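Here's the structure, in structure tokens; my notes come after.
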Amino acid sequence: MRYRDTRNKDTRVTFETAVMQGMDPESGGLYIPETIPKLPPSFLSKTPVPSFRDIALEVSKMFIEEEIPADELMAIIADCYPFTAPITPIDPTTYILELFHGPTCAFKDFGARFMARVMAYFNRNEPDPLHILVATSGDTGSAVGSAFYGVPGIDVTILYPRGKISPLQEKQLSTFDGNVRSLCVSGTFDDCQKLVKTAFTDSSLRKKFRLSSANSINIARLLPQSFYYIYGSLLIHDRCHFDNKIDCPSLIAIVPSGNFGNLTSGLIAREMGAPIQGFIAATNENRTVPDWLNDGQYRARPSVETLSNAMDVGAPSNFERIVAMYDLESAQKLIAGYWLDDIGTIESIRSCHDRTGYVIDPHGAIGWAAWDSARSGAMARLLAGERTPEGKPGLQGSKKTAPQWAKKCIGKSCIGMILETAHPAKFGETVNKAISREPTIPDRLAKVLNLPDRSEPMSADYDDFKDWLEKTL
Ligand SMILES: *Cc1c(COP(=O)(O)O)cnc(C)c1O
């Protein structure tokens with residue numbers, strides 16, 4: 001398999017190059033598979049459904065086997081995924097795909113752990129260590145730190161803005177030891193990002209150290225996220241008949257989205273043959289993509305702070321991949337856009353809890369609101385010609401832009417699979433506001449709370465950062 005660049009049409013690179021470079025250094029474009037292979041029908045129709053690891057192996061073989069042999073791939077997968085992505089039915093037409101069972105309790109563990117081990121594999125014959133620099137505004141840093149923790153030949157430096165992330169998030173970042181360090185920067189997230197970017201372009205530093213990034217645009221984070229779409233959709237199809245007396249449902253995946261990496265992985269899974277009819281892109285007030293689906297205009301904008309802060313992205317980087325895979329019209333046939341404000345998010349956490357007993361986090365809650373609105377008539381209203389008033393939250397679109405699956409969403413044969421991207425305990429305060437109690441904190445999060453803080457203070461000045469790197473690496 002070769003990987004192409006979203007900007008330069010002539011570029012073709014190996015998986016190794018795509019992973020180790022992260023993005024095309026000349027064009028600034030992102031890598032996507034040249035073609036998307038199809039899983040054989042005999043695999044997709046197996047009963048019982050293949051295990052999560054079997055699916056992970058089958059899929060990664062199609063994308064990577066020429067470069068990493070199957071037995072090595074299986075070792076990587078086994079090491080990455082001591083956890084899976086269970087599905088939980090919460091009402092007769094809704095399943096939650098729980099993606100928070102990894103060590104940092106967010107879905108980013110699926111991608112980051114795979115990327116870390118693949119990078120370690122490609123780095124195995126290098127005499128010098130590879131240094132990863134990562135700036136974070138929250139979840140990414142802990143997922144990356146935890147993913148690389150203890151991985152030989154690689155170390156990680158995480159930069160985060162002082163006082164700008166939640167106390168629990170800070171604990172998750174600042175308590176690593178060994179090959180993962182963190183710097184608490186007196187500045188904003190943008191300052192952190194600038195320090196990292198300046199280091200990458202500093203040739204005197206690059207002569208001394210092998211530096212790399214680990215951000216969410218890396219193809220090695222995207223591919224493994226397709227595993228759980230395939231797994232979840234096959235499992236739901238398998239048990240739907242027993243749970244709900246529905247045969248062959250139309251399955252809609254509802255994806256809380258920020259940078260749109262997760263949704264892009266879903267699109268890849270569908271192209272490979274996962275039985276998914278369509279998608280709802282659920283965002284907070286950072287609604288660049290729902291607006292694009294609605295009127296075809298892409299308007300990147302500064303991000304707005306919300307309660308679902310892991311989705312506070314005004315210029316989603318994976319948009320570039322989506323338009324490299326689909327034109328506007330095909331995207332509209334497949335994806336519905338939805339957005340919600342903070343008041344609606346709190347209400348949605350409460351409504352999900354009141355009606356189903358399920359405690360959902362603020363990101364998943366937007367997914368729940370989107371799905372509940374779609375199945376209870378908003379799709380039908382769009383098809384009948386009604387529009388969501390300009391600037392008002394809700395499903396976006398019109399008769400012309402409603403996806404093809406909208407008609408199916410009116411009957412009872414449509415099932416929603418909501419991707420729950422984080423454990424609610426990571427956002428305890430917001431959840432408490434909605435349902436008047438804190439979610440139970442899982443052991444793996446509680447443990448972190450008692451570890452000593454090891455982060456070092458850092459100014460936003462590049463020379464200080466460079467000095468520190470030269471002394472420490
Ligand atoms: C990162 C994140 C998202 C957004 O995922 P994208 O792939 O960037 O769209 C959603 N929810 C949570 C909890 C996250 O950490």
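Just follow the structure's listing: the first ligand is 1, and inside any ligand the first atom is 1. Values in this document were obtained by computation on a predicted structure and should not be read as measured data.
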What I want to find out is whether [X] reaches [Y] closely enough, with some N-O distance under 4.0 Å, to be called a salt bridge.
X: Asp291; Y: Arg299; answer: yes
X: Asp91; Y: Arg375; answer: yes
X: Asp109; Y: Arg113; answer: no
X: Asp5; Y: Arg12; answer: no

Measure and list all N/O to N/O distances between ligand 1 and the protein that fall under 3.5 angstrom.
unit_1	atom_1	unit_2	atom_2	d
ligand 1	7 (O)	Gly261	N	3.1
ligand 1	7 (O)	Asn262	N	2.9
ligand 1	8 (O)	Asn259	N	2.8
ligand 1	9 (O)	Gly258	N	2.8
ligand 1	9 (O)	Asn259	N	3.2
ligand 1	9 (O)	Phe260	N	2.8
ligand 1	11 (N)	Thr421	OG1	2.8
ligand 1	15 (O)	Lys108	NZ	2.5
ligand 1	15 (O)	Asp139	OD2	2.8

Just so I know, are the side chains of Met119 and Phe148 near enough to count as touching, which here means a heavy-atom distance under 4.5 Å?
yes
Only pairs under 3.5 Å count here: list side-chain donor-acceptor contacts from residues 331-340, not counting sequence neighbours, and write none if there are none.
unit_1	atom_1	unit_2	atom_2	d
Gln332	NE2	Leu293	O	2.7

